[in-house]
Amino acid sequence: MMSDFHGKWFPLPLTLEEVTAEWLSEAFSLQHPGVEVKSFEVSDKRNGTSTSARLRVEYNRAGRTANLPERVYIKVASKKLCVDGYGPV
């Protein structure tokens, strides 16, 4: 699944396992160039028609300077929902 963010196509994760430090870095750097996520931890994972979780994120200096949040919430659509409910992914 892709999303258009200010003219740039950006892949959206369909599972929590697809959320990586590299993906988070790219997502944050769309609005904060130079930000990199060094690591993150998953907590409060919930499954249903979508999967959601809280993340504790560790940034590089650019992320800390930008005062990005240490804790973020992420929600990803179910791959099954995307395929069955909305057509091919």
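Throughout, residue positions are numbered sequentially from 1 according to the sequence presented. Since we're looking at a predicted model, the values are computed, not measured. Computed over heavy atoms, backbone and side chain alike; hydrogens, waters and symmetry mates excluded.
Look at Arg54 and Glu70 and you find no salt bridge, because none of the NZ, NE, NH1 or NH2 atoms lies under 4.0 Å from a carboxylate O.
Heavy atoms of other residues, nucleotides or ligands lying less than 6.0 angstrom from CZ of Arg64 number more than 12.
Without hydrogens or angle criteria, Tyr59 side chain to Pro69 main chain gives a donor-acceptor distance under 3.5 Å. The main-chain N or O of Val37 is found under 3.5 Å from a side-chain atom of Ser25 such that the two form a donor-acceptor pair. The backbone N or O of Val35 lies less than 3.5 Å from no partner atom in the side chain of Asn60, so there is not a single donor-acceptor pair. Judged by distance alone, the side chain of Thr65 and the main-chain N or O of Ala62 form no donor-acceptor pair under 3.5 Å.
Atoms CZ and CG, from Arg56 and Asp44 in turn, are 14.5 Å apart once rounded to the nearest 0.5 Å. We find the CH2-CZ distance between Trp23 and Phe40 to be 9.5 Å, quoted to the nearest 0.5 Å. How far OG of Ser50 is from CG of Leu16: 11.0 Å, rounded to the nearest 0.5 Å. Once rounded to the nearest 0.5 Å, the distance linking CD1 of Ile74 with NZ of Lys45 reads 12.0 Å. The line from CD of Glu18 to CG of Leu12 is 10.0 Å long, rounded to the nearest 0.5 Å.
Counting only heavy atoms from C-beta outward, the side chains of Leu68 and Val57 never approach each other to under 4.5 Å. Contact of the Leu55 side chain with the Tyr73 side chain is not registered, since no non-hydrogen atoms from C-beta on lie closer than 4.5 Å.
The two residues His32 and Ala66 have their closest heavy-atom pair at ND1-CB, 4.0 Å. In this structure, Ser29 and Gly34 approach most closely via the heavy-atom pair CB-N, 4.4 Å.
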With side-chain hydrogen bond (donor to acceptor under 3.5 Å, both in side chains) as the criterion, how do Glu58 and Ser39 come out once you've worked through the C-alpha distance, each side chain's angles and the decisive distance to 0.1 Å?
CA-CA 5 Å; Glu58 181 183 351; Ser39 65; 3.1 Å; yes

